[in-house]
Amino acid sequence: MSRSKAISIGLLAGLIAGISMTVAMLLLAWIGIATPLAIIGDRLSVFIKPGPFLQLMGRVGGYNQLKQLGVGSTMAGQIIVSMLGGAVFGLLMRRNPQRRVTAWTMSIFVVLPVIMLAIVLWPVLGTSYLGFPIASARMMTLIGVTVGVLVFERTLIGSFLFLTRPKSQRATDEYSPSIGRRALILGGLGALIAGGGIVLLRKLYDAAAFSYDGTQYKGRIVQPVTPNDLFYCVTKNVIDPSVDEDLWHLEVNGLVQSPRAYRIQDLNSFTQVEQETTLMCISNGLDAGLMSNAVWKGIPLIDFLEAAGPLAEAKRVRLYGVDNYTDTIPIEKALEPTTLLALGMNGVELPDRHGYPMRAIVPGYFGEKHVKWLTRIELTGADAKGFYETQGWGPDFIVPTRSRIDVPDNDARLSLGQLSGAPIQIKGVAFGGDRGISRVELSDDDGETWDEAKITYPGTKLTWALWSYDWKPDSADDYTLVVRATDGEGEVQEVEEDRGWFSGVTGFHKIVVHVTA
Ligand SMILES: Nc1nc2c(c(=O)[nH]1)N[C@H]1C(S)=C(S)[C@@H](COP(=O)(O)O)O[C@H]1N2
Ligand SMILES: [Mo]
């Protein structure tokens, strides 16, 4: 066979094999098994610093778009590599295309890639969207990867043999199609599989987190306690876990005297407490709504730590989600009675997207630390780092005092005539981490002078407060309104100059309103 013919046959066989492998992976994703399509992004994102990461995110249009780009380029890359593999295979088979080659094709196309993927993806293999404990999840992912490359190898060999099969001398011979026609048949089959893949992709897209990731809660709708379906939402995942209670375990291990593992029903023996707590994402902008408040129900983390007996050298607690997300908190924080493992949210069990069946609640720390779909609690030394921390977020994860004007909208037009003497109601929230809010002030002259706002919902030390202010502007003009809060320790909200770029923004929310006659 000529070189060019060997290469083109190899390319086509590689293409069909690559498509088949990708579709096999989509099927695995559909049943909740982690595949390279989803976890390569997790593996790579820790290498991209937050600055370039945010830039890239901005360039493609947001976190959701970035995730889609990640999965899309992984699929494309996978198919291109498959075609190259096919071409090389074609060249190696050129002299004797019908050679039986199982042993070496298996080694090159199955064993080698599985070993390589296992090494490269090792840190993220323990991902399970079904809720398997980390060790079993790692096994499941490896089995999934093996199935994927096996589909590749079998399809590649099958396609290649089919395309290069010599015409036999038997009577049916005249129906034995030429290479061109066989290529057409195979191409059609490939298109059919690809079509199935597209149908599957659509289904996966509908099940993906795109519709709710980045949900904000702000503006006129803000109530003291956020309803579950309006609670802000952030996830690193393309498709979030949907944990099967029967598979799920909570492990407590690491630097402890006696490691533990609990099934869901074992948790009944612990006493649960209710605690209202506000969460805010580290990336929340001054005017943004990645902040919400709920009444959580759960078990203090200290109860699990005491049962396992932390060793003296344990300095931090690393929390793992089934999605391979991790974050750490200092052991002192872990031992505070308000640090909870929540099972309930506003009177119902945790919704899937907020971490069913269990998530951490770490009052006063950014949302990052409130690990969802919790499956392991590991006591570690001082330098363990979490997912976003490895990427370069932090080093400060304690919520600074913040406040926001929710009503009116920025750029609103208000007519004094229409109000006929009634004040303009200005409203919003103020959040002081786990320090509470003692005072809120409003300025209508861009911070020159301040006037006391009324706290309409004080909340607790662990929650935001809601405030309002009855404003009577003297005359028609454009006004810059600014809000500032004082936390429960008497510290006035400020621009924290010494807080690093990736430890959350500080400063004041301002809006401009146009008051007309
Ligand atoms: N397992 C897991 N936990 C996680 C995340 C995640 O992607 N996976 N995202 C974190 C981030 S960045 C934030 S801000 C909060 C958001 O919690 P919520 O979606 O319930 O509001 O969850 C945190 N916990
Ligand atoms: Mo976040």
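Read the numbers this way: they start at 1 and go in the same order the structure lists the ligands and their atoms. FYI, the numbering just counts along the sequence from 1.
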Please walk me through it: do Y232 and N284 pass side-chain hydrogen bond (donor to acceptor under 3.5 Å, both in side chains)? CA-CA 11 Å; Y232 95 87; N284 193 41; over 6 Å; no
Where ligand 1 meets C233 - atom numbers and elements under 4.0 angstrom, heavy-atom basis: 19 (O), 21 (O)
Distance-only donor-acceptor check, side chains Y129 and N237, under 3.5 Å: no
Looking only at atom types and distance, does a side-chain atom of T456 sit under 3.5 Å from a main-chain N or O of L466, one as donor and one as acceptor? yes
CZ of F304 to CG of L341, rounded to nearest 0.5 Å, is 5.0 Å
Would you say the side chains of Q223 and Y457 form a donor-acceptor pair under 3.5 Å? no
Examine H354 against ligand 1 and note whether any of their N/O atoms are separated by less than 3.5 Å. yes
State, without any angle test, whether E491 and T401 hold a side-chain donor-acceptor pair at a distance under 3.5 Å. no
Have a look at ligand 1 and work out which part of D323, if any, has a heavy atom under 4.0 Å from it: side chain, backbone, both or neither. side chain
Sequence neighbours excluded, the answer for side chain to side chain donor-acceptor pair (under 3.5 Å) partners of N64 is none
Test your reading of the model: is there a side-chain donor-acceptor pair from S503 to the backbone of D396, 3.5 Å cut-off? yes
Which ligand 1 atoms, with their elements, are less than 4.0 angstrom from a heavy-atom of Y388? 12 (S)
As an exercise, identify every atom of ligand 1 less than 4.0 angstrom from a heavy atom of T235. 7 (O)
Residue-level breakdown please: for F231 versus ligand 1, do any non-hydrogen atoms fall below 4.0 Å on the side chain, on the backbone, on both, or on neither? side chain
In the protein, which heavy atom is nearest to atom 15 (C) of ligand 1, and how far is it? G367 O, 3.4 Å
Closest protein heavy atom to atom 12 (S) of ligand 1, given as residue, atom name and distance to 0.1 Å: E368 OE2, 2.7 Å
Which residue holds the protein heavy atom closest to atom 16 (C) of ligand 1, what is that atom called, and what is the gap in Å? Y232 OH, 3.6 Å
Evaluate the side-chain proximity of V513 to W471: yes if any heavy-atom separation is below 4.5 Å, no if none is. yes
Looking at K236, R353, R359, the heavy atom closest to atom 20 (O) of ligand 1 belongs to R359
Classify the contact between F366 and ligand 1 as side chain, backbone, both or neither, using a heavy-atom distance cut-off of under 4.0 Å. neither
Is it the side chain, the backbone, both or neither of W373 that has a heavy atom closer than 4.0 Å to ligand 1? side chain
Using the side chain to side chain donor-acceptor pair (under 3.5 Å) criterion, which residues pair with E306? Sequence neighbours excluded. none
Which protein heavy atom lies closest to atom 9 (N) of ligand 1, and at what distance to 0.1 Å? V234 O, 3.5 Å
Quick one about R318 and T380 (side-chain donor to acceptor, distance below 3.5 Å, no hydrogens or angles considered), yes or no? no
E276 (side chain) donor-acceptor with G459 (main chain) under 3.5 angstrom: no
Hey, is F387 one of the residues with a heavy atom under 4.0 angstrom from ligand 1? no
Report the nearest protein non-hydrogen atom to atom 24 (N) of ligand 1: residue, atom name, distance rounded to 0.1 Å. H370 O, 3.2 Å
Ligand-residue contact atoms, ligand 1 with C281, heavy atoms, under 4.0 Å: 14 (S)
Tell me: protein heavy atom nearest atom 3 (N) of ligand 1, and distance? K372 N, 2.9 Å
For atom 10 (C) of ligand 1, find the nearest protein heavy atom and state the residue, atom name and distance (0.1 Å precision). Y325 OH, 3.6 Å
Please could you name the atoms of ligand 1 that V371 approaches to less than 4.0 Å, counting only its heavy atoms? 3 (N), 24 (N)
